[in-house]
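What you see is a predicted model; the values in this text were computed from it and never measured.
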Amino acid sequence: MNEREREIDMRIRKARRKEVLGMLWEMKLVVFAGFFLLGMLSFGVGFAAAPTKLESIQLGEIINEGNVVTSRKGAQYRRDTLQLDNGATITIDLPGAENARRDAPMKIEIYERDWGPMHQMTYRFAGYAD
C-alpha cells in the first residue's frame with residue numbers, strides 16, 4: 001500500500017466511524033424517548049389503578065340547564081351546571097333526556113383519587129334529596 005491508498009483508507013474509516021457514532025447518537029435519543037414513554041405509561045396505569053374513595057355527599061341546586069347530549073352508544077344525558085352547598089360550581093351529567101326538577105335539591109357524591117402529587121375529584125348524581 002502506498003501513501004495515497006493509506007490516506008484514502010484512513011478517510012474512509014474516519015467517515016464510517018462518524019457515521020456509526022451519529023447512528024448511536026440517534027439511537028440514544030430513541031432509547032431515551034422510549035424510556036420516557038414507558039415511564040409515562042406506567043405512571044398513567046398506576047394513577048388509574050389508585051383507589052377512589054367517597055369524600056362526602058353534598059346538596060346542590062341547578063344554576064343552568066344544559067341541552068340533551070346523545071353518546072355514540074345512543075344513551076342520552078343532560079349536562080347541567082349545579083352550585084353545591086359549599087359554594088362550588090360544577091358541571092355534571094344527569095341521566096335521561098328529561099329536565100331536572102328545579103324545586104328539589106340534588107344529592108351529589110364527591111369522590112377523590114390521590115396518588116402521589118396527583119389528585120382527581122369526580123362528582124356523581126345520587127338522586128334527589130326528598
Side-chain angles (χ1 to χ4, degrees):
M1 238 194 234
N2 62 19
E3 188 67 31
R4 179 166 168 75
E5 289 176 350
R6 281 189 198 147
E7 186 177 330
I8 292 173
D9 190 45
M10 281 180 33
R11 287 183 181 177
I12 290 173
R13 286 183 186 179
K14 189 175 182 180
R16 285 182 183 164
R17 198 170 27 241
K18 282 185 177 181
E19 185 179 349
V20 167
L21 289 175
M23 287 177 21
L24 285 175
W25 177 250
E26 289 175 8
M27 283 188 202
K28 279 184 194 178
L29 292 176
V30 169
V31 168
F32 176 74
F35 278 128
F36 178 75
L37 291 175
L38 185 63
M40 291 299 293
L41 180 68
S42 61
F43 184 78
V45 168
F47 182 70
T52 302
K53 62 180 179 177
L54 178 66
E55 278 295 311
S56 65
I57 296 177
Q58 294 271 334
L59 295 177
E61 294 182 12
I62 293 180
I63 295 174
N64 186 15
E65 289 186 3
N67 295 327
V68 176
V69 179
T70 304
S71 68
R72 283 189 259 165
K73 296 181 180 178
Q76 292 185 334
Y77 60 92
R78 297 186 66 83
R79 184 163 285 160
D80 293 339
T81 304
L82 303 174
Q83 184 169 13
L84 301 179
D85 285 344
N86 62 5
T89 303
I90 62 169
T91 301
I92 192 164
D93 296 335
L94 299 175
E98 67 276 352
N99 288 339
R101 293 176 22 203
R102 284 193 161 274
D103 59 343
M106 299 179 186
K107 290 191 292 187
I108 305 297
E109 295 176 344
I110 301 173
Y111 292 92
E112 184 178 15
R113 177 183 296 184
D114 284 331
W115 196 66
M118 301 293 292
H119 305 285
Q120 180 186 24
M121 302 289 286
T122 56
Y123 305 95
R124 293 190 187 139
F125 175 68
Y128 292 98
D130 56 359

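Taking CG of Leu37 as the start and CZ of Phe32 as the end, the distance is 10.0 Å to the nearest 0.5 Å. Here Thr52 contributes atom OG1 and Arg124 contributes atom CZ; the two are 7.0 Å apart, rounded to the nearest 0.5 Å. Note that CD of Gln83 and OG1 of Thr89 are 4.5 Å apart. Values are rounded to the nearest 0.5 Å. The CD atom of Glu3 sits 11.0 Å away from the CD1 atom of Ile8 when rounded to the nearest 0.5 Å. For the atom pair Asp80 CG and Glu61 CD, the distance stands at 13.5 Å (nearest 0.5 Å).
Follow the hydrophobic side-chain contacts under 4.5 Å out from Ile90 and you never reach Ile57; the two are in separate clusters. Residues Val68 and Ile63 do not share a hydrophobic cluster, defined by chaining ILVMFWY side chains whose heavy atoms lie under 4.5 Å apart. Cluster membership for Ile110 and Tyr128, using ILVMFWY side-chain heavy atoms within less than 4.5 angstrom, is shared.
Using a 4.5 Å heavy-atom cutoff, the side chains of Met106 and Leu94 are in contact. Taking the side chain as every heavy atom from C-beta outward, Arg16 and Lys14 never approach each other to under 4.5 Å.
Taking each heavy atom of Leu84 and Tyr123 in turn, the nearest pair found is CD1-CE2, 4.3 Å.
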**Study point:** Trace of the side-chain contact (heavy atoms from CB on, under 4.5 Å) decision for Lys107 with Leu59
**Key:** CA-CA 5 Å; Lys107 290 191 292 187; Leu59 295 177; 3.7 Å; yes
Exercise for review: Report the C-alpha separation of Gln120 and Trp115 in whole Å, then their side-chain angles, then the decisive distance to 0.1 Å, and conclude whether the side-chain contact (heavy atoms from CB on, under 4.5 Å) test is met.
Suggested key: CA-CA 9 Å; Gln120 180 186 24; Trp115 196 66; over 6 Å; no
Exercise for review: Decide side-chain contact (heavy atoms from CB on, under 4.5 Å) for Glu5 and Asn2; before the verdict, give the C-alpha distance in whole Å, the side-chain angles of both, and the deciding distance to 0.1 Å.
Suggested key: CA-CA 5 Å; Glu5 289 176 350; Asn2 62 19; 3.2 Å; yes
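With sequence neighbours left out, the salt bridge (charged side-chain N to carboxylate O under 4.0 Å, His left out) criterion links Arg13 to Asp9.
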